[in-house]
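Hydrogens, waters and symmetry mates are skipped; everything else that's a heavy atom, side chains included, is used. Every chain is numbered from 1, with letters handed out A, B, ... down the list of sequences.
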Amino acid sequence: MFAPVPSKPDLVAEEHALLAFWRDRRIFARLREQVAGGTRWSFLDGPITANNPMGVHHAWGRTYKDVFQRYHAMLGHDQRWQNGFDCQGLWVEVNVERDLGFTSKRDIEDYGIAEFVSLCKQRVLTYAARQTEQSIRLGYWMDWDDPEELRRLRDLLAAEPDASVTVEGPRGPVTDTVEMIVGRLGMPEVGGSYYTFSNENNDLIWAFLAECHRRGWLYKGHDTMPWCARCGTGISQHEMTEGYQDREDPGLTIRFPLIDRPGEALLVWTTTPWTLTSNVVAAVGAELAYVKVRQGDRVYWLGKGTLRQALQGPFEVLDELPGSALEGWRYRGPFDDLHAVRAAFATSGRAGGAFEHHIVLWDEVGEEEGTGIVHVAPGCGAEDFALGKQLGLPMIAPLDENGIFIEGFDALTGRDVRDTTDQILERLRHHGFFYRLEPYRHRYPHCWRCGTPLVFRLVDEWYISMGPVYDRPRSELTADEVDASLRYQIMEVVDGIRWIPSFGYERELDWLLNMHDWMISKKRYWGLALPIYDCRACGTVEVVGGREELRERAVEGWEVLEGHTPHRPYVDAVKIACPGCGAPVERVRDVGNPWLDAGIVPFSTMHYRTDPAYWETWFPADFITESFPGQFRNWFYSLLAMSTVLRREAPFRTIFGYATLFGEDGRPMHKSWGNAIEFDEAAERMGVDVMRWTYANARPEDNILFGWHAADEARRELLVLWNVYAFFVTYARVAGWTPDRPAPALDDRTGLDRWILSRLAGLADRVGDRLADYDLDAGAREISRFIDDLSTWYLRLSRKRFSRSSDAADRDAAFATLHTSLVGLARVLAPILPFLSESLYRNLVVAVDAAAPESIHLTSWPAPELSSFRDPGLEDAMAVFSRAVELIRSLRSQAGIKLRQPLARAWITLTDAGVGYSDDMLGRLADEINVKEIVVIASDSDLVERRVKPLLPRIGRRLGAAIPAVMAAARDGTAEIHADGSVTLAGVTLAPDEVEILSSPRPGTAVAHDEGLVVVLDTTVTPELRAEGEARDLQRAIQDLRREMGLAVDERIDLAVEEGPAVERISPFLAGIGAETLADAVAVGPVPADAAFGEVAVESGTLRFGIRRRDGAAS
RNA sequence: GGGGGAGUAGCUCAGCUGGUGAGAGCAGGCGUCUUAUACACGCCCGGUCGGUGGUUCGAGUCCACCCUCCCCUACCA
């Protein structure tokens, strides 16, 4: 027997109960055993950064991952089920620094790199454990580590990293030091999620970098880079776009006095005053016009086109020269007395003499902003640097890695660049260089991690060359040209991948075409140790391809690294012999870009090096999915780049991208804005199935607005399903029905039964197709439509068959049909709503069938076993019928005749689509619209008057200007309809296929039409019909009273109706009312004193009645 | 700065190669149905389709210009 079901479910409590059930009964483990050896479907997880609790936006992506994996499991596909954690990089460092109250890299070095790195690892383990718990709560099935075990390892790592520890792996216990066990997490012998800080991950990146070096693509660049002074690291092009923000800077105009033209000065504009300390030359455009102007007793030179924007106050133009005429003019800079400037200029001048500031020509100079004369500081800007290199200018690099002025800058030395503006302005004013200061708003790059405005610094960084960009379409490139350019090789790989949504393909190609060389170095502590050995003695660069190779080549320091993961500081101690000169070389101190860590996972997690057969089996992944904003240049890019270098083939076949999650108000979720929802809060308040349903219905290419209201909408939809389920269970229990009762054969069931089963079979087919095509929202829409059909059509029309049927066979057919529908629906829902579907299944199947699999997640996709139910003709017919009912209801509403009032008849015409109906459907239909009779007719000609609707798309081109008159005639009804179906309007004859004939009602009827379907309703209410309607009113009132009294659905009553004129009219119906309201005795007379009293107003008076519980009758 | 997208009901969005009363969901109002008991269904309210001009018999849809927002991209001082 089914367990009773509450009418309002506690979804959250149910979810917790099922989590316990799955855990206790090892359902997931058994699913894996069940599909082991099946056809392989390879999903590769994009690692989540284990640095904070997961958010509801992660739950969106994880819903996709879980749905598609579960769907494939239901198809019997073997899978890897490996979650990934992204572990290394600045994300983690920034948080650990914050926890420790650090503000600079010096703090870290004072604290100790080893200790700092250990804290980073501990933080990763903390949040890996946390996110694991949250993912499990979401119902996300993966090969999860035990969160307690992760926390234990974390604590051991803090206390005793070199102590021996044993963990339980899939192939038995594994013993190693704590540090090394942590480094082996996710490896085959330890199992569980993969961690990008693992030894194997780092090792394979070394192999990748060595391969890049072997091909000559790895190089050290000396360039002016965007730099975050807080983090003390360069920012690569990949990271730049994340951090553009509007910012207000000083828009400063200053004077550069001309040495050879006394009393005259150049006007120069800058938004970064600190770079003036490093000014070397001033640039003008050769083609631009420059003017000499007088303001008071001052004379300035500036671009003619900038006069209006640059000058303050009245001026007089004295002279005009082309920019080319200014070349070579010497000027004095504002910081020429600084030691650093003097030193840089001392020997850089022509013929080895001292360098002097002068004007150079530069075609980059424009007049849109500033003064048309550009201050150039090659040590402080990328484009300045390029110009400086081209002209052989001296370079002044004023900042250290923390953004502090280095020695040689007098009072500025030791000061932070971020707060020297006032000091510099003061100095400019004092020495007469100042002209004008105005705030200037512009988009300026900021550090994407900490939000600090970036500065530009001259530094050495390591790059992977992306190869040349050719000035021709890809189709015209030769094989040699492609071989020489990594970017084009990646593009070829991209061609072989399916991108969902499709614009992803274009966007990735666009990024590849425009991207610069990949800067892979970071001057930080926690991350991949770049295995680059840059010999100071002879300049030879060597890259070590793995830990083993390093051990073999080490000439000193190996013992320091021995027993440690390949992280700083231990790895820094190892030196190798320079292959060029033999000198011992140490590793460059840089760590790697974290996207290297995530990009190698198609190799590291698929045992590329250790188990080639396994790798062959699972590579490439069939499917990956991540949020696409940003990932085109991050994970997607690094996956493609690394796989292209190592294999020149795609690491995945299909990529599915989804957009961004915002708060309900359309803004990014932000705690201080009050629109943020924590994952845990969402899970415990709305339930994860509601969350999953919200995500399942979202269009992935659109941003999702997530909040409590959206969740309520999703919940309402699920409650409809729950209501159907609760209805079924309630009446199955009353009737004692269980599935082991033999069900009538399909052919012996009603059209309605066969219809819903056909719909179910179609549902399973279509949802399966959609899920196989990674089109979850379309699948969810199919399910919504089915739930609606099941509830508002099938069940609505079938209710009496469950509760008050005298035909046992028909009742059994109804129960069997609804049971099949609910179980089938649950199985289709299982990948999407693992909890709700399990809840239904456990009660509808497991509770009554000991032989059934004990979890819905151990059942297979139901489409094959349902396919015999398909009957498309029946579905078409039902679509017509349901549309007819809608139209009739609408007619009643317009006519002011409520549904409870019976009417004599309705007529409907049936189109071709409707001919598959069965007779019992007509009967249900008559009940549903409360008419005595439905007459199916071939033509509506006798019932209606005609109106003509010209089909504009057909006639528009032909008639042109005659259209307005034709349309007016159609509206007036002055149309001549000919026997052949053609129509004459306003003197123009239209062919039958150029018009649609509509129908309008005759008196006493109402008519509605839709797509060729016509329904006509006889709206005449005869006295007999009126009386019957009043009887229904009475019945309704009695049922209401029963409810007020709190009677059980099967409790019996005595009914008394007071005498009166109204009663006379309804007396023929009293017996029927008694049956419907479970009244054993129906009396016309005074209402007993102990009865509950009710009344209802009808046309002929008021009906008064009383009911009372029939004592003892129930027992 | 370049490229792309979008501005349609209070909110979130549909509106196909131009066709003449502009749609859905939610919110609001009204009603209906029901021993699925407050679930569901129906109806109504509500829009000068960002602005201006143009092409056309006809423009939310095509063209031009302008305004606002978003995304991508960029070495501009």
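Put simply, the side chain of A:Ser791 and the base of B:A36 share a donor and an acceptor less than 3.5 Å apart.
In terms of phosphate contacts, A:Arg1032 brings a side-chain nitrogen or oxygen within less than 4.0 Å of OP1 or OP2 of B:U34. At B:U34, one or more side-chain N or O atoms of A:Arg1036 fall inside 4.0 Å of OP1 or OP2 (strictly under the cut-off).
A salt bridge links A:Arg1052 to A:Asp1080: one of the charged nitrogens lies within less than 4.0 Å of a carboxylate oxygen. Residues A:Arg1036 and A:Asp1040 are paired through a salt bridge, judged by an N-O separation under 4.0 Å between the basic side chain and the carboxylate. By the 4.0 Å N-to-carboxylate-O rule, A:Arg785 lies close enough to A:Glu782 to be salt-bridged with it.
With distances taken from any side-chain atom of A:Glu364 to the nucleotides B:A77, B:C75, B:C41, the minimum falls on B:C75. The side chain of A:Arg633 lies closest to B:C72, out of B:C75, B:U34, B:C72.
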Is there any protein nitrogen or oxygen under 3.5 Å from a nitrogen or oxygen in nucleotides 12-18 of chain B, and what are the pairs?
none

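Between A:Phe256 and A:His375, the two ring planes are perpendicular [angle over 60°; tilted spans 30° to 60°].
Using a 3.5 Å distance cut-off with no hydrogens or angles, the side chains of A:Thr275 and A:Ser278 do not pair a donor with an acceptor. A side-chain donor from one of A:Asn279 and A:Tyr331 sits under 3.5 Å from a side-chain acceptor of the other.
Using atom P as the reference point in both B:C11 and B:C30, the two lie 23 Å apart (nearest Å).
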Item to check | Strand RNA chain B in bracket notation, Watson-Crick/G-U under 3.5 Å with | for pairs to another chain | outcome: (((((((..((((.....[...)))).(((((.......))))).....(((((..]....))))))))))))....
